[in-house]
Amino acid sequence: MSTNGISMALKLQFGLINYENRYLTAEAFGFKVNASGTSMKKKQIWTLEQDQDSQVIFLRSHLGRYLATDKDGKVSCEEEVPNTSCRFLLVKQSDGHWALQSEPYLRYFGGSAEYLSCFAQTIGESELWAMHLALHPQANLLSVSRKRYARLSTADDELCMDSNIPWGVDSLITLVYLDEKYSLKTCDNRFLSNDGRLVMENRPTTSFTLELKSGKLAFKDREGKFLSPTGPTGTLKSGRCSRPGKDELFDLEESHPQVVFQAANKRYVSIRQGVSISANQDDETDMETFQMEIDKETKKCMFRTNGGNYWTLVTHGGILSTATEAEENTMFDIEWLGRRIALRANNGKYVCTKKNGQLAAVSDSLGEDEQFMLKLINRPILVLRGENGFVCHHKTSNTLDCNRSVYDIFSLLFSDGAYQIKSGNEKFWYVSSSGLVCTDGNKPEDFFFEFVECGRVGIKGQNGKYLRGDQGGTLMGDGLRVDASSLWEH
């Protein structure tokens with residue numbers, strides 16, 4: 001858990017790419033492994049688990065089975081519980097590649113296509129692997145040594161590691177993957193250069209090799225130096241170190257949706273007046289911003305303030321920001337009403353705005369005072385990933401693929417409770433008469449975002465249907481319900 005308890009560090013999941021540019025793949029049939037995958041989908045995703053008392057790592061497949069080798073170098077992936085044969089050492093190369101060495105047998109893992117083994121005594125080309133992170137690329141970045149989060153400082157024109165909590169749009173970091181290197185993109189579409197400057201173009205000075213140490217990430221620039229926070233505000237730039245120590249280590253944490261609410265009285269819901277939740281402000285600040293955290297079991301939503309407390313139901317239907325832990329009275333059902341939402345508290349009543357602006361869960365029916373406009377504030381740029389991969393422009397048409405291992409970044413514009421999605425060519429998404437989602441619209445079309453599961457959103461078009469991925473990997477706008485095919489990591 002992070003220092004402030006806002007979020008947990010994301011599990012390190014990745015694809016491993018061999019010298020032939022193919023991904024290590026765990027097949028469901030016979031628990032076989034090969035290096036034949038041309039892109040990173042479910043079968044190509046591996047989770048790294050580390051033995052806390054040593055440098056030993058375990059690689060777990062999407063099937064929950066562990067990569068293993070015997071003394072003759074025969075590779076398998078069927079162990080449900082890691083044993084001695086599953087123990088590997090990560091041997092890092094200066095260019096960022098990995099070699100995997102069996103700890104008990106001291107041989108190296110490699111090969112191509114169906115011919116994988118763990119019998120090489122030295123590291124050659126076929127024993128080298130590149131890491132491609134499988135995490136959703138939009139996250140919050142935490143400095144391990146400073147216990148502070150990265151944020152864009154527009155005043156100083158730099159990325160600072162000085163936030164106690166990752167709050168607001170400035171804390172959003174997008175990882176851009178290109179040619180086995182990573183770049184850090186800020187919420188205003190600029191890239192971090194190794195000298196600490198923010199620049200508009202991705203260039204050699206903005207490309208970093210990702211290294212792992214004790215389950216944490218380090219970013220190495222082209223000169224072999226590592227990013228670290230420097231100075232009183234923790235300006236992020238390359239330091240003098242050519243080996244990562246604590247100052248050079250980072251965690252990625254899930255970036256929860258952060259929202260503002262506008263009530264029927266046209267004023268923003270706020271905690272500026274203290275612990276009571278009231279719709280009484282005309283502008284949006286951190287005091288009017290709330291983090292949505294959806295319970296994985298109940299699918300109910302909790303709202304956290306920038307002070308770390310939750311909204312909670314108290315006696316007589318009052319709503320206060322006094323809860324320090326999640327419990328039944330901090331959970332609300334959200335009803336999605338197109339451009340507006342309604343909230344139902346644990347007492348079964350709707351949350352309404354009283355004449356004095358205070359929120360209270362006292363209504364049995366749904367009227368104007370029980371409706372709120374919800375605006376997502378920390379996704380000005382959007383990356384979507386579905387059950388089969390990322391959403392990306394089709395190479396030769398105006399449609400979208402949704403089964404890719406690379407992603408395109410889109411702009412998200414807010415419009416009175418709805419959203420418009422813009423491509424890099426300044427054209428807009430729309431749903432055609434045949435149900436295809438197209439990207440060459442001259443005028444904006446409204447979409448409605450429904451945050452129905454932890455980390456996932458349903459997106460409804462003007463036709464009342466949900467965006468979904470079809471069997472062929474095309475993004476369609478004809479889904480009848482929210483299910484695995486129409487839920488998107490965002």
Side-chain angles (χ1 to χ4, degrees), residues 11-38 40-135 180 209-218 220 242-244 249:
K11 275 186 182 173
L12 280 177
Q13 294 185 312
F14 45 79
L16 286 172
I17 307 169
N18 74 353
Y19 71 107
E20 295 178 327
N21 209 30
R22 293 289 186 266
Y23 286 84
L24 182 64
T25 302
E27 301 290 358
F29 180 73
F31 300 110
K32 289 185 165 56
V33 285
N34 60 57
S36 302
T38 55
M40 185 171 58
K41 298 179 185 173
K42 188 162 69 174
K43 288 194 223 178
Q44 286 78 33
I45 292 176
W46 298 82
T47 303
L48 182 140
E49 296 178 3
Q50 190 140 17
D51 187 330
Q52 293 303 312
D53 301 321
S54 71
Q55 293 301 305
V56 168
I57 63 154
F58 305 99
L59 289 177
R60 182 163 53 85
S61 76
H62 70 106
L63 300 165
R65 307 295 179 110
Y66 291 85
L67 189 70
T69 180
D70 65 14
K71 64 180 181 355
D72 299 317
K74 185 181 177 186
V75 174
S76 63
C77 192
E78 45 189 276
E79 300 294 342
E80 293 186 71
V81 179
N83 56 30
T84 304
S85 65
C86 306
R87 295 168 69 87
F88 288 90
L89 298 170
L90 203 58
V91 183
K92 295 175 207 152
Q93 308 301 297
S94 58
D95 64 357
H97 281 84
W98 294 358
L100 293 167
Q101 185 182 33
S102 165
E103 191 215 31
Y105 309 119
L106 302 178
R107 301 296 179 102
Y108 293 97
F109 170 63
S112 66
E114 309 291 328
Y115 306 103
L116 298 180
S117 67
C118 190
F119 207 62
Q121 292 179 286
T122 58
I123 301 170
E125 185 183 44
S126 61
E127 284 72 46
L128 291 175
W129 301 87
M131 178 181 67
H132 182 182
L133 278 183
L135 309 171
E180 299 182 1
T209 300
L210 217 50
E211 288 202 2
L212 275 186
K213 184 178 179 183
S214 305
K216 310 297 183 188
L217 298 174
K220 184 167 72 172
S242 52
R243 295 183 65 181
L249 296 181

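As the structure is a computational prediction, the values presented were derived from the model and not from experiment. No hydrogens, no waters, no symmetry mates; every other heavy atom, side chains included, goes into these values.
- For Lys74, the NZ atom counts as loosely surrounded, since its 6.0 Å shell holds 12 or fewer non-hydrogen atoms of other residues, nucleotides or ligands.
- For Lys71 (side chain) and Pro104 (main-chain N/O), no donor-acceptor pair under 3.5 Å exists by modelled atom type.
- Applying the side-chain contact (heavy atoms from CB on, under 4.5 Å) test to Tyr115 and every residue at least two apart in sequence or in another chain returns nothing.
- In this structure, Lys213 contributes its side chain and Ala218 its backbone to no donor-acceptor pair below 3.5 Å.
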Audit row: Glu78, Lys32, side chain to side chain contact (heavy atoms under 4.5 Å, CB included) steps and yes/no: CA-CA 8 Å; Glu78 45 189 276; Lys32 289 185 165 56; over 6 Å; no
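- Here the shortest heavy-atom pairing between Cys118 and Val75 reads N-CG2, 3.8 Å.
- A distance of 9.0 Å separates CE of Met131 from CG of Leu48, quoted to the nearest 0.5 Å.
- In this structure, OG1 in Thr38 is found 13.0 Å from CD in Glu20, a value given to the nearest 0.5 Å.
- The shortest distance between side-chain heavy atoms of Leu100 and Val91 does not fall below 4.5 Å.
- Residue pairs meeting the salt bridge (Lys or Arg N to Asp or Glu O under 4.0 Å) criterion with at least one member in residues 99-127, sequence neighbours excluded, are Arg87-Glu103.
- Considering only residues two or more places apart in sequence or on other chains, Gln44 meets the side-chain contact (heavy atoms from CB on, under 4.5 Å) condition with Tyr23, Thr25, Met40, Lys41.
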Step-by-step side chain to side chain contact (heavy atoms under 4.5 Å, CB included) determination, Arg22 to Ile17: CA-CA 5 Å; Arg22 293 289 186 266; Ile17 307 169; over 6 Å; no
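- No option in Trp129, Phe88, Phe14 other than Phe14 meets the ring pair (Phe, Tyr, Trp, His ring centres under 6.0 Å) test with Trp98.
- Taken to the nearest 0.5 Å, the OG atom of Ser112 stands 13.0 Å off from the CG atom of Asn21.
- Annotation: side-chain contact (heavy atoms from CB on, under 4.5 Å) contacts of His97 (sequence neighbours excluded): Gln93, Asp95, Leu128, Ala130, Glu180.
- Closest approach of Glu27 to Leu63, counting heavy atoms only: O-CD1, 3.6 Å.
- Nearest heavy atom pair, residue Leu116 against residue Gly111, reads CD2-C, 3.6 Å.
- The closest donor-acceptor contact from the side chain of Trp46 to the backbone of Ala26 lies at 3.5 Å or more, if one exists at all.
- A distance-only check finds a donor-acceptor pair linking the side chain of Lys220 to the backbone of Ser94 [under 3.5 Å].
- The distance from atom CD1 of Ile123 to atom CD of Gln101, rounded to the nearest 0.5 Å, is 7.0 Å.
- Leu212 places a side-chain heavy atom less than 4.5 Å from the side chain of Leu217.
- Taking CG of Leu59 as the start and CD of Glu49 as the end, the distance is 9.0 Å to the nearest 0.5 Å.
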Test side chain to side chain contact (heavy atoms under 4.5 Å, CB included) applied to Phe109 and Val33, step by step: CA-CA 12 Å; Phe109 170 63; Val33 285; 5.5 Å; no
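- Counting all heavy atoms, side chain and backbone alike, Tyr105 lies closest to Asp70 at CE1-C, 3.5 Å.
- Legend: residues meeting side-chain contact (heavy atoms from CB on, under 4.5 Å) with Ala68, ordered by chain and number and at least two apart, are Ser76, Glu79, Ser85, Cys86.
- Atom OH of Tyr108 is separated from atom OG of Ser117 by 14.0 Å, given to the nearest 0.5 angstrom.
- Every residue meeting the side chain to side chain donor-acceptor pair (under 3.5 Å) condition with Thr47, not counting sequence neighbours, appears here in chain and number order: Gln13.
- For Leu249 against Lys216, the heavy-atom pair with the smallest separation is CB-CB, 4.0 Å.
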